[in-house]
Structures are given as structure tokens and as C-alpha cells.
Amino acid sequence: MAEIKKIGFIGTGIMGAAMVEHFLDANFQVSVYNRTKSKAEKLIERGAIWCETAGLCAKNQDVVMTMVGYPKDVEQIYFADDGILNSASAGTFLVDMTTSSHELAEKIFAAAQEKNLHALDAPVTGGDIGAKNATLTILVGGAEIDFEILKPVFEVVGKKIIYLGAAGAGQKTKACNQIAVAGALAGACEALAYAKIFNLDVEKVFDAISSGAAGSFQMSSVVKKGLDGDFSPGFMLKHLAKDLSIAANSLNQNNENLQILDEILSELKSMENGGHGAEGTQALLKFYHVV
Ligand code: NAP
């Protein structure tokens with residue numbers, strides 16, 4: 001296997017842009033494409049090569065990485081006539097790091113195999129801070145041999161890189177993560193809603209409970225940011241709604257459901273419909289009238 005030197009990176013938003021910075025620092029040749037070019041300007045100034053389409057970005061690369069928003073975006077950039085699958089040279093590794101559905105990951109894997117391409121699903125946890133600090137956890141599904149080859153590349157942006165199993169296993173694990181995140185977030189919001197209902201000082205209650213057994217990253221980092229009046233997104237509320245929808249749909253297709261997931265999904269959808277989708281997930285505090 002020749003050394004991996006060239007990366008085509010599609011989707012230079014909050015997560016993608018920070019990840020590309022690390023690949024540039026590590027001296028990879030990085031080509032980038034994003035729907036809105038302005039979001040790639042800083043990377044181009046730093047030496048990334050701009051491509052006019054996703055297909056052009058996928059041409060003649062060792063690895064193509066994608067970090068877009070929704071499954072429909074993933075579907076489009078992989079399966080369009082001038083998309084990744086029709087543009088990448090045989091032997092290229094295709095890594096979707098978007099939080100997407102395991103069904104779509106399985107479909108990409110099968111389509112890639114037919115073209116002698118190597119697809120992995122590799123969604124991440126650790127948030128915008130993890131992307132900035134290159135401390136992401138990367139959850140990988142696909143062929144184990146491909147995972148082993150790409151591990152050193154993943155290590156440029158991640159701290160914990162885990163192989164979970166066949167295609168789709170990374171996305172399934174990411175769904176587990178998002179269900180736990182949503183529960184911790186909503187739990188923290190509800191605790192503070194209770195404080196407010198009984199006229200306690202919310203800040204004092206937060207201080208009292210956030211470092212004990214009730215403490216969590218969602219409480220001490222995400223909810224704290226909202227209590228401080230900062231609703232800018234590290235992780236957009238609409239993306240958590242997307243992630244829980246993906247999980248709920250997969251469960252429904254298997255005649256299953258999870259009650260707390262369904263409840264928080266409906267809360268997030270109502271916030272998104274109310275115009276809070278592009279705010280950070282801490283905006284759930286507003287649903288509970290804590291802020
Ligand atoms: P983001 O800032 O919206 O980034 C997504 C980027 O993909 C945007 O720049 C978007 O371009 C681009 N894009 C979307 N569709 C495209 C297409 N068809 N062709 C080309 N570019 C396209 O979101 P993010 O926070 O980086 O999240 C990216 C993914 O990672 C999401 O699936 C999210 O759920 C997941 N994730 C996020 C976090 C986090 O903390 N932020 C953590 C873990 C996982 P435009 O700007 O033109 O729309």
C-alpha cells in the first residue's frame with residue numbers, strides 16, 4: 001500500500017474546517033470543497049486546494065473524507081452523476097464522518113465495493129472542541145483491514161479511534177452516543193426547570209449539583225454556556241434533532257421505539273420549528289423556560 005498523502009475533504013463547516021487545519025499541519029496535500037466557498041477561504045489561504053465540485057475534489061486522491069450536514073447531503077455528494085463514487089479512482093478510501101444513517105453507510109459500502117473503492121463510516125464524538133484540539137473519538141465501521149490502513153490518518157484528528165464492526169456499525173454506535181447525549185442534556189434542563197418552578201436561584205443550584213453525581217459534560221459545558229447567555233453553536237440544535245430522527249426511524253423500521261428519545265426529539269423539533277435550529281443545543285433551556 002502506497003503512503004497516504006492526498007486527502008479530498010468535502011464539508012468545511014464547524015467540524016470539517018478544524019479537521020482540515022490539522023491535516024494541513026501534518027503536511028497532507030488537502031483539496032477542499034464546500035457548498036458555500038467562503039467557509040473554505042481560511043483553509044485555502046493556508047494552502048488547501050479549492051475544487052469547484054464534490055466530484056473534482058474526489059478525483060486522484062488517496063482518501064476522500066466527507067463531513068457534511070444531513071444524510072440527504074451525503075446521498076447527494078456520493079451518488080450524484082458527478083459525485084464521489086463516479087469520480088474517485090479505484091483503490092481510493094472513502095470515509096464519511098458525517099453523523100448519518102447506518103442504512104446509508106451500508107448502501108455506500110456496497111456501491112463502493114462494486115467500483116473497487118474502500119468505504120468506511122467514521123462519525124465522531126467530542127464536539128467542536130474535540131475537532132479544534134484533535135481529540136475526537138472516531139467510531140469506525142467497514143472492513144477492518146481498511147480501518148488498520150487509515151488509523152494513522154484518523155490519529156491526526158482523533159485521540160480514541162475504535163473499530164466497531166461491519167459497514168454501518170460506526171453510525172449505529174454514534175446513534176447510541178446521541179441518545180445518551182440527549183438524555184443528559186434534557187435531564188440537566190429539567191433539573192434547572194424544577195429549580196425555577198420552586199423559586200430557587202438557578203445559578204446556585206447549578207453550582208450545587210453540577211460537580212456531584214448529577215454532573216456531566218452536557219451540564220457543565222453545554223448547559224453552562226446557555227446559562228451564561230451564549231447560544232452560539234458548538235453543536236447545532238437542528239443537528240441533534242436530525243440525529244435523534246435517524247435513530248427513531250431505524251428503530252421504527254424494526255418495530256421498536258425508545259420513549260425518552262421520542263420525547264426529546266419532539267422537544268427539539270418544536271424548538272427547531274420555533275426558529276432555534278441554528279443555535280447550540282443549549283437552547284433546549286429555552287424550551288424549559290429556564291432562560
Ligand atoms: P456545519 O457547520 O453545518 O458543516 C457542514 C458543512 O457541510 C457546511 O459547511 C455545509 O455547507 C457543507 N455541506 C452540506 N451539504 C453539502 C453538500 N451537498 N455539498 C458540499 N458541502 C455541503 O455542521 P458541523 O457542526 O460541522 O457538523 C457536520 C456533521 O458532523 C453533522 O452531521 C453533525 O451532526 C456532525 N457532528 C457535529 C458535531 C459538532 O459538535 N458540531 C459533533 C459531532 C458530529 P453550507 O455551509 O453551504 O451549508
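In each ligand, atom 1 is the first atom listed, and ligand 1 is the first ligand listed. Here the structure is a predicted model, which is why all the values come from computation and not from measurement.
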- Give the residue and atom name of whichever protein heavy atom lies nearest to atom 8 (C) of ligand 1, and the separation in Å to one decimal. N34 OD1, 3.5 Å
- The reported gap from CZ in F231 to OG1 in T281 (rounded to nearest 0.5 angstrom) is 10.5 Å
- Message: What I want to know is whether T99 and ligand 1 share at least one N or O pair that is separated by under 3.5 angstrom.
- Response: yes
- Query: Once the angle between the rings of Y163 and F147 is folded into 0 to 90°, is it parallel (under 30°), tilted (30 to 60°) or perpendicular (over 60°)?
  - Reply: tilted
- Item | Selection from K238, R35, M67 by shortest heavy-atom distance to atom 5 (C) of ligand 1 | M67
- To the nearest 0.5 Å, how far apart are OH in Y33 and OG1 in T66? 13.0 Å
- Query: Of the protein's non-hydrogen atoms, which lies at the shortest distance from atom 4 (O) of ligand 1, and what is that distance?
  - Reply: G13 CA, 3.3 Å
- Can you tell which of T66, V124, V32 gets a heavy atom nearest to atom 43 (C) of ligand 1? V124
- Task: May I ask you to decide if K5's main-chain N or O and Q29's side chain share a donor-acceptor pair within less than 3.5 Å?
- Result: no
- From G234, A80, A278, G16 - option closest to atom 41 (N) of ligand 1 by heavy atom: G234
- So, N34 side chain and T12 main chain: donor-acceptor pair closer than 3.5 Å or not? yes
- Note on the structure: for atom 18 (N) of ligand 1, nearest protein heavy atom and its distance come out as Q76 OE1, 3.1 Å
- Specify side chain, backbone, both or neither for Y70, according to which of its non-hydrogen atoms lie closer than 4.0 Å to ligand 1. neither
- Message: Taking 4.0 Å as the limit for heavy-atom contacts, which would you say applies to H239 with ligand 1: side chain only, backbone only, both, or neither?
- Response: side chain
- Message: Is there a polar contact between ligand 1 and G127, counting only N or O atoms under 3.5 Å apart?
- Response: no
- Report the nearest protein non-hydrogen atom to atom 17 (C) of ligand 1: residue, atom name, distance rounded to 0.1 Å. I77 CG2, 3.9 Å
- Query: If two hydrophobic side chains count as joined below 4.5 Å and joins carry through other members, does V157 share a cluster with L24?
  - Reply: yes
- Task: Check each atom of ligand 1 against the heavy atoms of K174 and keep those under 4.0 Å away; list them by number with element.
- Result: 43 (C), 44 (C)
- Task: Measure the distance from atom 13 (N) of ligand 1 to every protein heavy atom, then report the residue, atom name and distance (to 0.1 Å) of the closest one.
- Result: V68 CG1, 3.7 Å
- Indicate yes or no: does an N/O atom of G69 lie under 3.5 Å from an N/O atom of ligand 1? yes
- Task: Enter the distance from L237:CG to M271:CE here, rounded to the nearest 0.5 Å.
- Result: 6.0 Å
- Are any of the N or O atoms of T125 closer than 3.5 Å to those of ligand 1? no
- Message: Tell me whether M15 has any N or O atom under 3.5 angstrom from an N or O of ligand 1.
- Response: yes
- Got a donor-acceptor contact below 3.5 angstrom from the K286 side chain to the V291 backbone? no
- Query: For ligand 1, is K242 a contact, meaning one of its heavy atoms is under 4.0 Å away?
  - Reply: yes
- Message: If I take atom CG from residue L150 and atom CE from residue M65, how far apart are they, to the nearest 0.5 angstrom?
- Response: 6.5 Å
- Message: I'd like to know if the side chain of D121 reaches the main chain of G170, judged simply by a donor and an acceptor atom lying under 3.5 Å from each other, with no hydrogens or angles considered.
- Response: yes
- Task: Please report which non-hydrogen protein atom sits nearest to atom 2 (O) of ligand 1, along with the residue it belongs to and the distance in Å to one decimal place.
- Result: I14 N, 2.9 Å
- Query: Please state which protein non-hydrogen atom is closest to atom 3 (O) of ligand 1 and give its distance, to 0.1 Å?
  - Reply: M236 CE, 3.4 Å
- Nearest protein heavy atom with distance in Å, relative to atom 46 (O) of ligand 1: K39 NZ, 2.5 Å
- Message: Given 3.5 Å as the limit, does a donor-acceptor pair link the side chain of H289 with the main chain of I197, or not?
- Response: no
- Query: Okay, side chain of D96, backbone of T98: is any donor-acceptor separation there less than 3.5 Å?
  - Reply: yes
- Item | Polar proximity ligand 1 side, T36 side, N/O cut 3.5 Å exclusive | yes
